[in-house]
Amino acid sequence: MTPEQLSAEIAQCLKAAVAAQVLPSMAAEVEVVVERPRSREHGDWATNIAMVLAKPAGLSPRDVAADLVLRIEKLAGVKSANVAGPGFINIFIDPAATAQLAVQIIAKNNTYGTSNLLNGQTINVEFISANPTGPLHLGHTRWAAVGDAIGRVLAAAGANVVREFYINDRGVQMQKFAQSILATIKNEPIPEDGYQGDYIADLAAQVQISLPNLLDMNDADQLDAVLTQGYAVQLKQQQDSLLSFNTKFDIWYSELAMHEAGKVVHALKVLEQQGHIDNRDGAVWLRTTDFGDDKDRVLVKSDGEYTYFASDCAYYIDKRERGSSKCIYLLGADHHGYVNRLRAVAACAGDNPDENIEVLIGQLVKIMRNGEEVKLSKRAGDLILLTDLVEAVGVDAVRYSLIRYPVDTPLLLDFDLMTSRTNENPVYYVQYAHARINALLNTAAELGINWEHGELAFVPQLLAGPAEQDLLAQLAQFPAVVATSAELREPHRIARYLEDLATGYHRFYDSCRVLPAADQAVSELNIARLHVCRATQVVIYNGLQLLGVAAPERM
RNA sequence: GCGUCUGUAGCUCAACGGAUAGAGCACCUGACUUCGGAUCAGGCGGUUGGGGGUUCGAGUCCCUCCAGGCGCACCA
């Protein structure tokens, strides 16, 4: 029995109470929240529904609860229920009903945890969107891990997810980029406002190899050729490093190509038709102040050039026209000033900002070691590069360390902890549980135990011990955790859940012998516990998949 | 100045308005002749930055003060 199943059953009880005129008709509409109480004395599950309904029903919470308890106690699988405290309903489940879940999880396998919560929604998730003028650094890495996980979690909740990387390949910074590379090739000093990192020298070397005749060209052609070539090499490097980081995009979207396809002109027409364009001081403005922005924004400068903001508008409108019902932007803390204006863009385009656009802001990450900020690389000045970090720590540990915290808090990571391959590191703790189960199941197979389809049946009432029941209750919560993570865009909840689950498993393992001892025959208890192990393995595997972290069979 | 995020155990952090605020690390005790000890059990540790308010109930919501991060271009 999962909390969702219990919640649905209680909803039926509410309908019955409405029919019996104990509760007002609105009670049939309320969502029933079922939670695992912290203390086992408070039951296997509990609901606050009586306190929610008390006021509209004009009754005391305990009276509402008393009526519902009588109905809940009659549900299949429920052992008993009672009223507690201000009006909580505590519910005790028959251990066999709880244990039955193990078989269901094994049958559902990779689909256990998925839902149809977001069915029918096409959600565009845009993240990283770094300038193609340098390597990806730590800030990008946080979004690479978390953004990718958000995409996975949304998909698990039934959404059609489009992951997109917006390439800022247009504008003066590309010129500076090309100038910096060209200057390096020519052994001239890099311009004051150019790109200074050591990586420019590497790019220059590569560009030089692919452009042997570069120095025979005239100055303008040289710059063009270097820009095209340097851009290609740098973009490829970003793409490769993300691929190796297990982060995949459906669409790499070029700002330049968008301009050339006439989408900016089109967007301006759309905004014009919606009536939010002004011509002032020789420039074209979008009246974002109509929708809560603190000042209007220029789309076309008085010299006729489009602003970057014009691209933003066109990009948003294009995402919508390509079929996304919701556009999620994952931005760094230094972009939080963009939130209002992006929402205003959606409103100016005729959309509902609360419905069609969502901006998540990720705070800064720092890595500390012995009380000092770590700077792994000198190649890009003071920045830590994604590739260097992965090399030092490993993909799984980096991804997991970044995902296990909510993004709206500034993060201080401990370098030594991330690299330690011991129990101090949560990622290995979770992975170890998975590998440990794998070893156990392998041993069972070597012993010739056919636990799934053998002669001995699965007898759920044998799994009545506290460690077994706690573990099974944890397994039951997985679908709710995935759903909450999707709704709140918070994959860290899955990581925390997996850590608790791993603890639950290790506890179970410690107190419940799974395999028969050397001189013993296989018993129904062994079979039942093997089901618990396999079900746990399925959930850990599914959970780690959602985070893009490997579930190793051995470590 | 305006906006925004943050403030929870010695450290790093959890807790979608629920019951006695939880983990890991650190420190101290314990547990293997059999399934992976990368494990488990126990202990120590808190005025949730301060003060008001909202309600059956507040770390969580509102107001205010304090402290810190980030941002406030006809740049991209």
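Below, chains carry the letters A, B, ... as their sequence lines are ordered, and counting in each starts from 1.
- Residue Tyr405(A) is classed as a sugar-phosphate contact, given heavy-atom separations below 4.0 Å to backbone atoms only.
- Between the side chain of Ser7(A) and the backbone N or O of Val34(A) there is no donor-acceptor pair closer than 3.5 Å.
- On the C1' atoms, U55(B) is 14 Å away from U60(B), given to the nearest whole Å.
- Across all strands shown, His335(A) has no heavy atoms under 4.0 Å from either base or sugar-phosphate atoms.
- Across A76(B), C35(B), C16(B), the shortest atom-to-atom separation from the side chain of Arg493(A) is found for C16(B).
- Regarding contacts with the backbone of A76(B), a side-chain N or O of Lys301(A) is found under 4.0 angstrom from either OP1 or OP2.
- Relative to the side chain of Leu412(A), the nucleotides C13(B), A76(B), C35(B) differ in distance, and C13(B) lies closest.
- In this structure, Pro410(A) reaches the sugar-phosphate backbone alone: every heavy-atom distance under 4.0 Å involves primed, P, OP1 or OP2 atoms, never a base.
- Residue contacts for Gly171(A): at a heavy-atom cut-off of 4.0 Å it reaches the sugar-phosphate backbone alone, with no base atom in range.
- Across all strands, Arg404(A) comes closer than 4.0 Å to no nucleic acid atom at all (heavy-atom distances).
- Separation of the C1' atoms belonging to G52(B) and A58(B) is 14 Å when rounded to the nearest angstrom.
- Taking side-chain N and O atoms only, His42(A) has no distance below 4.0 Å to OP1 or OP2 of G18(B).
- Leu299(A) comes within 4.0 angstrom of nothing in the nucleic acid, heavy atoms only.
- Contacts of Cys533(A) with the nucleic acid, taken as non-hydrogen atoms under 4.0 Å apart, are absent.
- Residue Asn90(A) is in base contact, counting any heavy-atom pair closer than 4.0 Å across all strands shown.
- The side chain of Ala333(A) lies closest to C70(B), out of G18(B), C70(B), C16(B).
- Between Asn526(A) and Leu456(A), every side-chain heavy-atom pair lies at or beyond the 4.5 Å cut-off.
- Across all strands shown, Asp281(A) has heavy atoms under 4.0 Å from base atoms, whether or not it also approaches the sugar-phosphate.
- Spacing between atom CD of Glu305(A) and atom C1' of A73(B) amounts to 16 Å, rounded to whole angstrom units.
- If you check every strand for non-hydrogen atoms under 4.0 Å, Ala518(A) touches nothing.
- Using atom C1' as the reference point in both C32(B) and G45(B), the two lie 30 Å apart (nearest Å).
- Note on Gln520(A): nothing from the nucleic acid sits closer than 4.0 angstrom, heavy atoms only.
- Taking a centre distance below 5.5 Å and an interplanar angle below 30 degrees as the stacking criterion, Phe88(A) stacks against the six-membered base ring of A19(B).
- Applying the 4.0 Å criterion to OP1 and OP2 of C35(B), one finds that Arg513(A) has every side-chain N and O outside that range.
- Rounded to whole angstrom, the span from the CZ atom of Arg341(A) across to the P atom of C2(B) amounts to 20 Å.
- Counting any heavy atom pair closer than 4.0 Å across all strands shown, Phe309(A) reaches no nucleic acid atom.
- Annotation: cation-pi geometry not satisfied between Arg297(A) and Trp285(A) (NZ/CZ under 6.0 angstrom from ring centroid, within 45° of ring axis).
- Dashed line: the shortest gap from a side-chain N or O of Tyr509(A) to OP1 or OP2 of A38(B) is not under 4.0 Å.
- With distances taken from any side-chain atom of Pro86(A) to the nucleotides U39(B), G71(B), C56(B), the minimum falls on C56(B).
- Among the heavy atoms of the strands lying under 4.0 Å from Arg170(A) are primed sugar atoms or P, OP1, OP2 only; no base atom is included.
- Note on Pro406(A): only backbone sugar-phosphate atoms sit closer than 4.0 angstrom, heavy atoms only; bases stay farther off.
- Judged by distance alone with a 3.5 Å cut-off, no donor-acceptor contact links the side chain of Asp334(A) to the base of G71(B).
- Note on ring orientation: taking the six-membered ring where Trp is involved, the planes of Phe291(A) and His276(A) are perpendicular (angle over 60°, cut-offs 30° and 60°).
- A cation-pi arrangement, defined by a distance under 6.0 Å to the six-membered ring centre and an angle within 45 degrees of its axis, is present between Arg436(A) and Tyr509(A).
- Which of C5(B), A76(B), C74(B) sits closest to the side chain of Val172(A) comes down to A76(B).
- In this structure C70(B) sits in a base pair with G3(B), meeting the Watson-Crick or G-U test at under 3.5 Å.
- Counting only N and O atoms by type, the side chains of Asp318(A) and Tyr253(A) include a donor and acceptor under 3.5 Å apart.
- Phosphate contact (OP1/OP2 of C72(B), side-chain N/O of Lys295(A), threshold under 4.0 Å): absent.
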